[in-house]
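We count ligands from 1, going down the list as the structure has it; atoms in each ligand are counted the same way. A quick note: this is a predicted structure, and the numbers were derived from the prediction, not measured.
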Amino acid sequence: MSLVQWTSFPPLGDERGSLVALESGKTIPFPIERVYYLFGTVSGQSRGFHAHRILQQVAVCVTGRCRMVLDNGEQREEVWLDSPTKGLLIGNMVWREMHDFTSDCVLLVLASQHYDEADYIRNYEDFLRNVKNG
Ligand code: T46
């Protein structure tokens, strides 16, 4: 099964422009506990390089684009986030890296838990060990 799973956000546009609504239990498959966004990203600077033990997230580039690498310890896939109407579902125990941010990129992330540094696995070897040990 592919690691790349999308959720679509139907644009509720009219002649004035577009609007997207994100709702728990509808387009977002978990109760949203936190929202954050990355902006002012610097050309050539990659981010991420970690997995989460429990956290689930949906990431959407509301403007600009970036390349997301997903890795579950067995397979590695990459995808461009470049649409404000498509969210990428990122499950727990998935290593993620973000590369090639455009200078106008705003990456909005909806998260299933509050921020908790203890939920991060920031070392790839530790991540692989955790995957192997279930
Ligand atoms: C993820 C990817 C997509 C907080 O204090 N609260 C928060 O809610 C977040 C997300 C971060 N922070 C602090 C922790 C660091 O001192 O902000 C700093 C930058 O965080 P980090 O280096 O983890 O940023 P990224 O861009 O590498 O990763 C972030 C999220 O942390 C992560 O959960 O999946 O975006």
In terms of residue, atom name and distance, what is the protein heavy atom nearest to atom 21 (P) of ligand 1?
R122 NH2, 4.1 Å
Could you tell me which atoms of ligand 1, counted from 1 in the order shown, lie closer than 4.0 angstrom to a heavy atom of H52?
32 (C), 33 (O), 34 (O)
Among non-hydrogen protein atoms, atom 29 (C) of ligand 1 lies closest to Y36 OH, 3.8 Å
Using a 4.0 Å cut-off to any heavy atom of R96, which atoms of ligand 1 qualify?
1 (C), 34 (O)
Classify the ring geometry of F127 against Y124: parallel below 30°, tilted from 30° to 60°, perpendicular beyond 60°.
tilted
Is any N or O atom of G48, backbone or side chain, closer than 3.5 Å to an N or O atom of ligand 1?
yes
Closest non-hydrogen protein atom to atom 26 (O) of ligand 1, residue and atom name please, with distance?
R47 NE, 2.7 Å
Quiz question: by atom type and distance under 3.5 Å, do the side chains of Q57 and Y36 form a donor-acceptor pair?
yes
Looking at side-chain heavy atoms only, is the closest gap between V60 and V20 below 4.5 Å?
no
Considering only protein heavy atoms, determine whether one is less than 4.0 Å from atom 17 (O) of ligand 1.
no
Let me confirm one number: the CG-CZ distance from L107 to R47, rounded to the nearest 0.5 Å.
9.0 Å
Is there a donor-acceptor contact under 3.5 Å from the side chain of N72 to the main chain of L3?
no
Nearest protein heavy atom with distance in Å, relative to atom 3 (C) of ligand 1
M98 CE, 3.5 Å
How far is atom 8 (O) of ligand 1 from its nearest protein heavy atom, and which residue and atom name does that atom have?
R34 NH1, 2.5 Å
Among all the protein's heavy atoms, is there at least one whose distance to atom 24 (O) of ligand 1 comes out below 4.0 Å?
yes
Between the candidates Y115, Y120, Y37, which shows the shortest non-hydrogen contact distance to atom 13 (C) of ligand 1?
Y115
With R53 as reference, evaluate I121, N92, D116 under the side chain to side chain contact (heavy atoms under 4.5 Å, CB included) test and give the passing residue.
I121
Among all the protein's heavy atoms, is there at least one whose distance to atom 31 (O) of ligand 1 comes out below 4.0 Å?
yes
Keeping the roles fixed (side chain from S24, backbone from I32), state whether a donor-acceptor pair exists under 3.5 Å.
yes
Looking at side-chain heavy atoms only, is the closest gap between W6 and L81 below 4.5 Å?
yes
Going by heavy atoms in the side chains, are I28 and S112 under 4.5 Å from each other?
no
Give me the nearest non-hydrogen protein atom to atom 28 (O) of ligand 1 as residue plus atom name, then the distance to 0.1 Å.
H50 CE1, 3.2 Å
